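Bear in mind that the values here come from a model prediction, so they are computed numbers and not experimental data.
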Amino acid sequence: MLVNMNDILLPAKECGYGVGFFNAVNVEMARAVIETAEELRAPVMVGTAEVLLPAMELERVAEYLIPMAKKASVPVCVHYDHGLTFDRCIEALKFGFSSIMYDCSTASYEENVEKVAEIVRICHAMGVTVEGELGHVGDNAGAGKLENPSDYFTDPKTALDFVSKTGVDSLAIAVGNAHGDYAYA
């Protein structure tokens, strides 16, 4: 069943369990994620990110993910992750994504608040949840090489202010973590 992020994350918070989010840039990946979620009787978030669109266009992703989510026997949130432009976020909304992340974290704080608040108003009017981002969730290009890594962490007071001003449903924050290509020696 196609649901939004709150339909999955609020029960997870209340009951103390985690929910996975998986990028699925082809039908086989999407099928594997959703079938596994059904086997485990677990809710799941699945989608794509703007940086992955060269691998599979957003409209094609929507064409297979939305129907699969609707047919699933477990709650499935179809999430557009790290949307970098307003136009692409609106496109994902039009295609039926049930959750949008508008990542304006590289803009000034004031601009981030303004842009994200605008998409929240639009999405919430359509029953779609929104994730924002504050700080920088790093990648490996410089891991361990920052002079003062805590300069990149999200301040909790700023996070509270951001959530209250924008109305986001969830917030990606920087706590010293990284994601991207990992190489282990």
| task | Determine, stepwise, if the pair Ser73 / Arg41 fulfils side chain to side chain contact (heavy atoms under 4.5 Å, CB included). | result | CA-CA 8 Å; Ser73 62; Arg41 304 295 312 144; 3.0 Å; yes

Between [Y] and [X], is there a side-chain heavy-atom distance shorter than 4.5 Å?
X	Y	value
Lys115	Tyr102	yes
Glu91	Tyr80	no
Cys89	Phe97	no

Is there a donor-acceptor pair under 3.5 Å between the side chain of [X] and the backbone N or O of [Y]?
X	Y	answer
Thr48	Val25	no
Thr129	Met5	yes
Tyr109	Phe162	yes

Hydrophobic cluster identity match, [X] and [Y], side-chain contacts under 4.5 Å:
X	Y	answer
Val44	Tyr64	yes
Met1	Leu10	no
Leu160	Ile173	no
Val19	Leu171	no

If I compare all heavy atoms of [X] with all of [Y], which pair ends up nearest, and what's the gap?
X	Y	answer
Met101	Ala172	CE-CB, 3.8 Å
Phe21	Val46	CE1-C, 3.7 Å
Met45	Leu9	SD-CD2, 4.3 Å
Ser98	Val3	OG-O, 2.6 Å
Gly47	Leu65	CA-CD1, 3.7 Å
Gly167	Val120	O-CG1, 3.7 Å

Can you measure from [atom1] ([X]) to [atom2] ([Y]) and round to the nearest 0.5 angstrom?
X	Y	atom1	atom2	value
Ile8	Ser170	CD1	OG	11.5 Å
Thr158	Lys165	OG1	NZ	9.5 Å
Asp81	Asn23	CG	CG	6.5 Å
Met68	Leu2	CE	CG	13.0 Å
Leu134	Thr166	CG	OG1	8.0 Å
Cys123	Leu93	SG	CG	4.5 Å

| said: Regarding Arg60 and Glu63, does a basic nitrogen lie under 4.0 Å from an acidic carboxylate oxygen? | reply: yes

| task | State which residue, out of Asn4, Ile119, Ile100, fulfils the side chain to side chain contact (heavy atoms under 4.5 Å, CB included) condition with Val128. | result | Ile100

| said: A quick test of your reading: do over 12 heavy atoms of other residues, nucleotides or ligands sit less than 6.0 Å from CD of Glu114? | reply: no

| query | Would you find more than 12 non-hydrogen atoms of other residues, nucleotides or ligands less than 6.0 Å from Glu14 atom CD? | reply | no

| request: Evaluate side chain to side chain contact (heavy atoms under 4.5 Å, CB included) for Ile66 paired with Phe95, printing each intermediate quantity in order. | output: CA-CA 9 Å; Ile66 305 298; Phe95 289 144; 6.0 Å; no

| message | Looking only at side-chain N and O atoms, does Asp103 offer a donor or acceptor that is under 3.5 Å from a partner on Ser105? | response | yes

| task | Take Asp169 and His124 through the side chain to side chain contact (heavy atoms under 4.5 Å, CB included) test and state the conclusion after the steps. | result | CA-CA 10 Å; Asp169 301 285; His124 282 183; 2.7 Å; yes

| Intermediate values then yes/no, side chain to side chain contact (heavy atoms under 4.5 Å, CB included), Val168 and Glu131 | CA-CA 6 Å; Val168 292; Glu131 178 183 13; over 6 Å; no

| request: Would you please test Arg88 and Glu57 for salt bridge (charged side-chain N to carboxylate O under 4.0 Å, His left out) and show each step? | output: CA-CA 11 Å; Arg88 281 293 196 169; Glu57 268 302 313; 3.5 Å; yes

